[in-house]
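From a predicted model like this one, the values you see are computed outputs, not experimental measurements. In this chain, residues are counted from 1 in sequence order. Values reported hereafter were calculated over all heavy atoms of this structure, with side chains retained and with hydrogens, waters and symmetry mates removed.
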Amino acid sequence: MSESQSHKRAKGKGTQKEVPISGKRRLDALSGNTAIEVERSGTDKGLDKALSRLKSLPDKRKLLKVPQKDMEKAEERARKKRIGVTVSNLGGTKRKRIRG
């Protein structure tokens, strides 16, 4: 299934897209020292997978972009998994730093 326009926009311009990581997985985008993962589904399973992909990059800053209505749920999942990540809405206007 192809990506929606909002998913593509959330990855950002000038980023490396679909970066291979361990375990035959792919990270949505890599911009300098920041790993970006966009999760639009809002399901627990989808959020856990996205957080797992981010966790596998210990030397990068981690940014999880979700729709604004799912930000609270994403923060809760990151705290439960003890992953230091910044949770942001798709537009980047709201951010919340979660300490691992």
Side-chain angles (χ1 to χ4, degrees):
M1 175 182 271
S2 65
E3 292 176 333
S4 68
Q5 287 299 314
S6 61
H7 190 119
K8 287 179 184 177
R9 235 185 342 267
K11 286 184 183 183
K13 281 187 174 180
T15 61
Q16 239 184 318
K17 292 172 179 62
E18 298 295 327
V19 180
I21 56 176
S22 64
K24 294 188 178 180
R25 299 175 299 168
R26 291 184 174 274
L27 184 67
D28 272 341
L30 192 59
S31 177
N33 198 36
T34 303
I36 303 169
E37 189 64 37
V38 180
E39 180 54 46
R40 297 184 66 244
S41 73
T43 63
D44 288 343
K45 187 176 179 181
L47 289 170
D48 287 346
K49 282 185 173 183
L51 288 167
S52 171
R53 288 190 290 267
L54 287 171
K55 188 176 184 177
S56 68
L57 299 163
D59 58 339
K60 303 285 184 194
R61 289 188 334 187
K62 298 158 186 67
L63 176 61
L64 176 63
K65 290 189 167 190
V66 296
Q68 191 165 331
K69 64 180 181 174
D70 297 327
M71 281 184 66
E72 216 172 285
K73 185 188 252 188
E75 292 169 23
E76 178 186 313
R77 299 305 293 179
R79 279 194 188 95
K80 185 175 180 183
K81 288 186 148 269
R82 296 177 184 221
I83 298 173
V85 65
T86 301
V87 178
S88 168
N89 65 346
L90 294 175
T93 58
K94 292 182 173 32
R95 288 185 293 276
K96 181 76 176 204
R97 176 79 178 124
I98 308 301
R99 307 232 183 253

Do V85 and L57 land in one hydrophobic cluster if side-chain heavy atoms of ILVMFWY residues count as linked below 4.5 Å? yes
According to a 4.5 Å side-chain heavy-atom criterion applied to Ile, Leu, Val, Met, Phe, Trp and Tyr, with indirect links allowed, do V38 and I21 form part of one hydrophobic cluster? no
Nearest non-hydrogen partners of A29 and T15, listed with the distance: CB-OG1, 3.9 Å
More than 12 non-hydrogen atoms from neighbouring residues, nucleotides or ligands closer than 6.0 Å to NZ on K17, yes or no? yes
Hey, does the side chain of S31 reach the backbone of T34 with a donor-acceptor pair shorter than 3.5 angstrom? no
Distance check, rounded to the nearest 0.5 Å: D44 atom CG versus K49 atom NZ? 13.0 Å
Over all heavy atoms of both residues, which pair between V87 and A74 is shortest? Give the atoms and the distance, please. CG1-CB, 3.9 Å
Under a 4.5 Å cut-off applied to non-hydrogen side-chain atoms, are M71 and K94 in contact? yes
For the CZ atom of R99 and the OG1 atom of T86, what is their distance to the nearest 0.5 Å? 8.5 Å
CZ (R79) with more than 12 external heavy atoms under 6.0 Å: yes
Of all the heavy-atom pairs spanning R26 and P20, show the shortest one and how long it is. NH1-CG, 3.8 Å
Determine whether L90 and R9 make a side-chain contact, defined as any pair of heavy atoms from C-beta on separated by less than 4.5 Å. no
Looking at CZ of R95 and CG of L64, how far apart are the two atoms once the value is rounded to the nearest 0.5 Å? 14.0 Å
Flag side-chain contact, heavy atom, 4.5 Å: R77 against E39: no
How many angstroms lie between CG in L63 and CZ in R97, if you round to the nearest 0.5 Å? 10.0 Å
Is any side-chain heavy atom of L54 closer than 4.5 Å to one of K60? no
More than 12 heavy atoms of other residues, nucleotides or ligands under 6.0 Å from NZ of K73: yes or no? yes
Determine whether V66 and I36 fall in the same hydrophobic cluster, where Ile, Leu, Val, Met, Phe, Trp and Tyr are linked whenever their side-chain heavy atoms lie under 4.5 Å apart. no
Distance, nearest 0.5 Å, that separates CD of Q68 from OG1 of T93: 6.0 Å
Work out which heavy atom in S41 is nearest to a heavy atom in G46; give both atom names and the distance. OG-CA, 4.2 Å
Lys/Arg N to Asp/Glu carboxylate O, E18 vs K11, below 4.0 Å: yes
Spatial distance of atom CD1 (I98) from atom NZ (K80) [nearest 0.5 Å]: 15.0 Å
